[in-house]
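Let me begin by presenting the structure, written as structure tokens, before commenting on it.
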Number of protein chains: 2
Amino acid sequence: MLSYTEENYLKAIYHLSGSGAKAVLTSEIAETMNTRAASVTDMIKKLSAKNMISYEKYYGVKITRQGKAEALMVVRKHRLWETFLVQKLHFSWDEVHDVAEQLEHIQSALLIEKLDEFLEFPTVDPHGHPIPDKTGKFVEVRQIPLSDCSGKKKITIRAVRNGSPSFLQYLSKNGVYIGAIITILEKIEFDGSLEIMIDGKKKVFISREASQNLLVTE
Amino acid sequence: MLSYTEENYLKAIYHLSGSGAKAVLTSEIAETMNTRAASVTDMIKKLSAKNMISYEKYYGVKITRQGKAEALMVVRKHRLWETFLVQKLHFSWDEVHDVAEQLEHIQSALLIEKLDEFLEFPTVDPHGHPIPDKTGKFVEVRQIPLSDCSGKKKITIRAVRNGSPSFLQYLSKNGVYIGAIITILEKIEFDGSLEIMIDGKKKVFISREASQNLLVTE
DNA sequence: ATAAAAGTTTAGGGTTATCTAAAAAATTAT
DNA sequence: ATAATTTTTTAGATAACCCTAAACTTTTAT
């Protein structure tokens with residue numbers, strides 16, 4: 001059984017490692033967890049002793065199969081709770097993160113299975129991120145940043161890369177949402193911004209930074 | 001801001017004091033919190049420093065107005081979550097306590113107001129206990145133990161005094177639920193048990209212990 | 001009224017998760 | 001290749017919460 005803090009570290013390592021693919025540095029973990037490297041080293045030892053990660057001094061850590069399974073359950077809980085907050089309690093998508101950070105640590109397998117059922121087994125959360133099922137599996141759709149697109153084809157907005165409230169509010173204000181179908185009208189040379197048409201109705205300008213943080217399918 | 005543990009102590013003190021009416025002994029707190037008296041003394045000092053309780057050495061503690069308000073918010077959250085679990089996620093009433101013990105500590109005023117609205121502002125939880133509103137007020141209906149009743153009048157089951165899973169399962173098995181309308185058919189001299197008629201349809205025997213833990217209105 | 005019993009507090013530790021400062025190892029630059 | 005820099009680890013503390021054992025206060029019993 002992992003503590004609240006251990007779960008948070010493991011989740012951070014999972015995300016930083018690209019879903020468990022590559023090794024992660026102590027400093028990267030310290031950065032995202034807002035702690036010092038020394039604290040990370042301590043926690044690495046604990047997680048290593050619990051076989052959640054493999055650890056060799058002065059090298060990065062790699063998440064184990066067991067650790068990945070645990071991390072996936074935390075991610076599952078986080079995303080199910082975010083879905084609940086938006087769909088049932090009518091939170092806006094920029095308000096859910098901090099609450100879900102707390103809710104993801106509630107310990108009850110029954111709760112999460114019932115919540116999943118109540119939400120009718122959603123496969124993506126309000127930010128477009130996939131929700132692992134109870135076995136940890138999820139559908140991985142190949143998505144690319146909007147900034148890599150060109151031409152006049154129809155593009156579907158699938159997910160946000162960065163979930164910061166200010167970015168999400170910016171998107172809402174401009175009528176951009178998950179599932180929107182857009183076309184690129186023009187790419188401005190000067191600053192890399194894009195003029196796009198949303199649902200064939202609304203023309204807006206999207207900054208280069210924003211287009212790099214929007215994941216889409218063509 | 002109170003910690004998870006401080007909230008739990010304060011809630012225990014609130015309940016033990018009869019909603020803040022009387023002083024509570026260190027040993028009573030230790031008993032219900034499953035800790036040692038020495039640990040309670042430590043926590044009493046902390047809560048006293050935060051003006052949640054008033055404390056005089058070797059005497060019991062009394063909850064302050066501020067402490068009562070905090071405790072009521074924890075109670076509110078606990079009962080709203082229990083209501084959610086039963087009404088929306090279809091938990092049975094004997095499964096909700098432990099999960100609600102965790103959920104009650106989630107920090108988000110917005111969450112609890114939205115949850116309240118989603119549940120359509122319930123006034124009692126699945127065990128018949130009143131849910132304080134956002135200002136801490138709740139309707140206090142005068143209830144008496146079923147064991148104190150006699151005669152043939154119609155009696156409404158309003159709440160359980162003891163929420164242990166085994167008692168709740170016993171009630172379910174016998175068709176007893178919050179809101180049921182019953183009449184007493186016979187009181188058995190020998191063991192103090194009652195034969196009751198539920199909703200004019202079902203005759204069952206209820207032990208003396210059970211009748212003492214059922215709160216009713218006549 | 002005073003001795004015994006019961007209850008409470010203090011003293012001194014242990015664990016978890018954090019920190020700073022110093023030491024050690026790895027990386028980078030000349 | 002070696003010196004400088006950066007990163008990581010170790011060492012030693014601190015805060016929250018809990019413990020046991022001993023000291024102290026209150027209550028109960030004779």
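We name chains A, B, ... by the order of the sequence lines, and we start the count at 1 in each one.
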- Task: Check whether any side-chain N or O of A:K45 sits under 4.0 Å from OP1 or OP2 of D:dT9, and answer yes or no.
- Result: no
- Note on the structure: A:K57 NZ to C:dA23 P, in whole Å, measures 16 Å
- Message: So if I apply the salt bridge (charged side-chain N to carboxylate O under 4.0 Å, His left out) rule between A:K11 and each of A:E6, A:E70, A:E101, which one comes out positive?
- Response: A:E101
- Message: Any base atoms under 4.0 Å from B:S39, or only sugar-phosphate, or nothing? Heavy atoms, all strands.
- Response: base
- Give one of base, sugar-phosphate or nothing for B:Y4, where a contact means two heavy atoms less than 4.0 Å apart. nothing
- Query: Within this structure, what is the CZ-to-P distance between B:R36 and C:dT10, rounded to whole angstrom?
  - Reply: 19 Å
- Phosphate-side-chain proximity, B:S27 and C:dA6, N/O vs OP1/OP2 below 4.0 Å: no
- From C:dT20, C:dA26, C:dT9, nucleotide with atom closest to A:Y59 side chain: C:dA26
- Message: Mind checking if B:T41 touches a base, just sugar-phosphate, or nothing, with heavy atoms under 4.0 Å?
- Response: base
- Message: From CE of A:M43 over to C1' of C:dT15, roughly how many Å is that when rounded to an integer?
- Response: 13 Å
- Donor-acceptor side-chain pairing of A:E120 and A:Q87 below 3.5 angstrom: no
- Query: Where the side chain of B:T35 is defined as all heavy atoms beyond and including C-beta, which of C:dT9, D:dC18, C:dT18 is the nearest nucleotide?
  - Reply: D:dC18
- Counting heavy atoms from C-beta on, name the nucleotide in D:dC18, D:dC24, C:dT20 closest to the side chain of B:Y58. D:dC24
- Item | Residue B:D42, side-chain atoms from C-beta onward, closest of D:dC18, D:dT8, C:dC19 | D:dC18
- Task: Give the rounded distance in Å between these two atoms: CG of A:L25 and C1' of D:dT9.
- Result: 14 Å
- Query: How close or far is atom P of D:dC18 from atom CD1 of B:I29, stated in whole angstroms?
  - Reply: 12 Å
- Message: In this structure, how many angstroms lie between the C1' atom of C:dT18 and the CD1 atom of A:I44, rounded?
- Response: 15 Å
- Note on the structure: In whole angstroms, the gap separating C1' of C:dT15 from NZ of A:K50 amounts to 12 Å
- Item | Within 45° cone and under 6.0 Å: A:K88 NZ/CZ vs B:F118 ring | no
- Below 6.0 angstrom between ring centroids: does that apply to A:F84 and B:F84? yes
- Query: Testing B:T35, B:L2, B:I44, B:V61 for side chain to side chain contact (heavy atoms under 4.5 Å, CB included) with B:Y9, which one passes?
  - Reply: B:T35
- Task: With the side chain of A:A38 defined as its heavy atoms from C-beta on, choose the nearest nucleotide among D:dC18, C:dT9, C:dT20.
- Result: C:dT20
- Query: Base, sugar-phosphate, or nothing: which does A:T26 touch, judged by heavy atoms less than 4.0 Å apart?
  - Reply: sugar-phosphate
- Task: To the nearest Å, give me how far apart CG (A:N34) and C1' (C:dT18) are.
- Result: 13 Å
